[in-house]
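Since the model is a prediction, treat every value here as computed from it, not as a measurement. Indexing begins at 1, ligand by ligand and atom by atom, following the structure's order. FYI, the numbering just counts along the sequence from 1.
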Amino acid sequence: MTSRVLLTGAAGFIGSQLADRLLELGSSVVGVDNFARGTRENLGPACAHPAFELLEIDLAKPESVDVVRAALAGRRVDVIWHMAANSDIPAGVADSDVDLKDTFLTTHYSLKIAKELGIKRFVFASSSAVYGDHKSALHEDSAPLFPISNYGAMKLASEGAISAALEAFLDRVHIFRFPNVVGGRATHGVIYDLIHKLLRDRSSLEVLGDGSQEKPYLHVSDLIDAMIFAEADAQDRLNYFNVAASDGDATTVRYIAERVIARVSPETPIRYTGGSRGWTGDVPKFSYSTSKLRDRGWKPKLGSTSAVDRAVDEIARELVG
Ligand SMILES: NC(=O)c1ccc[n+]([C@@H]2O[C@H](COP(=O)([O-])OP(=O)(O)OC[C@H]3O[C@@H](n4cnc5c(N)ncnc54)[C@H](O)[C@@H]3O)[C@@H](O)[C@H]2O)c1
């Protein structure tokens with residue numbers, strides 16, 4: 001189904017690939033980004049498409065609502081895909097303003113834009129970080145929700161604001177709780193960070209933690225398939241899903257580090273900093289229950305480790321050649 005879409009975070013890793021896919025499907029897309037982390041290169045293909053338009057705005061500021069209203073000048077928008085956020089969890093632990101602004105206020109003002117422009121559908125990029133540190137597999141109704149990072153806290157607060165907006169003025173909401181998403185055009189993440197470290201210094205590769213951290217990884221192409229599939233197949237007013245390859249499918253940081261070394265710098269030794277957590281706010285191990293989305297008929301193409309393998313090649317090709 002084609003739509004007129006307002007896409008926040010359009011220049012980012014996931015947002016830019018989502019823009020390409022929505023355009024391919026025949027939607028028109030107004031992308032919003034302040035280029036805090038996203039890049040103009042990521043938007044190269046979208047900008048060449050006649051149905052794409054870019055608004056360079058800081059969505060954490062109240063004036064963004066007026067700027068979007070003026071830019072759209074009475075044109076109808078069907079749905080907001082809200083992908084903008086701070087994607088650097090340690091930066092938000094160091095300074096909680098970062099997630100307040102880029103993760104929560106961007107949601108707050110995106111909702112205000114929806115309200116003022118009469119946009120009735122809202123899709124949100126949430127995160128496994130809303131669950132906090134649980135020992136058992138996470139399903140969508142796992143509780144209690146006590147995040148251990150400001151990033152997770154502001155994603156959870158955003159989910160709350162979106163559910164309140166559904167009561168007040170939206171017709172339909174989709175909340176997708178992403179796992180670790182990997183693939184080309186990455187702007188951050190473990191594979192991206194490890195390759196950048198190697199480009200700076202090949203004498204040894206520092207890996208945070210002891211390498212035993214183990215999480216589900218999903219290729220960005222599968223994530224986008226899942227979201228588009230679920231959004232087109234809405235069965236409820238409030239739809240919320242974990243997205244991952246399959247139940248319990250996960251990959252260790254040790255595997256990822258070894259794979260990066262093999263691809264980029266086979267002679268370099270790995271040096272683990274030790275401890276089970278990579279950094280404050282890191283949930284070192286988690287496992288997702290994925291049956292809610294699978295029962296609707298969605299199937300990923302790649303498992304967690306195949307997604308990592310493919311992403312290492314894609315990111316290394318972009319950064320190293
Ligand atoms: N990549 C993952 O593994 C992952 C996991 C869970 C959730 N998510 C969520 O998915 C979404 C996309 O993540 P990503 O990996 O593409 O990250 P990203 O950093 O590449 O993309 C986020 C984009 O938002 C933009 N942005 C940030 N603050 C803004 C502001 N104030 N105004 C306008 N634009 C702003 C950035 O410039 C960037 O282009 C985010 O909401 C993120 O929290 C990602």
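Between Phe176 and Phe178, the ring center distance fails the sub-6.0 Å criterion.
At a threshold of 4.0 Å, the pair Glu314-Arg310 counts as salt-bridged, since one of the basic side-chain nitrogens sits closer than that to a carboxylate oxygen.
Sequence neighbours left out, the pairs with a member in residues 250-268 that pass salt bridge (charged side-chain N to carboxylate O under 4.0 Å, His left out) are Arg259-Asp309, Arg263-Asp313. Sequence neighbours left out, the pairs with a member in residues 83-95 that pass salt bridge (charged side-chain N to carboxylate O under 4.0 Å, His left out) are Arg37-Asp88.
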Please list, one pair per line, the donor and acceptor atoms closer than 3.5 Å that link side chains of residues 58-66 to other protein atoms, with sequence neighbours excluded.
from	atom 1	to	atom 2	distance (Å)
Asp58	OD1	Ala60	N	2.9
Ser64	OG	Lys61	O	2.7
Asp66	OD1	Arg69	NH1	2.8

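Near ligand 1, Gly9, Ala11, Gly12, Phe13, Ile14, Asp33, Asn34, Phe35, Ala36, Arg37, Gly38, Ile57, Asp58, Leu59, Ala60, Met83, Ala84, Ala85, Ser87, Asp102, Thr106, Ala125, Ser126, Ser127, Tyr151, Lys155, Phe178, Pro179, Asn180, Val181, Thr187, His188 each place a heavy atom less than 4.0 angstrom from the ligand.
At distances below 3.5 Å, not a single donor-acceptor pair connects side-chain atoms of His82 with backbone N or O atoms of Ser110.
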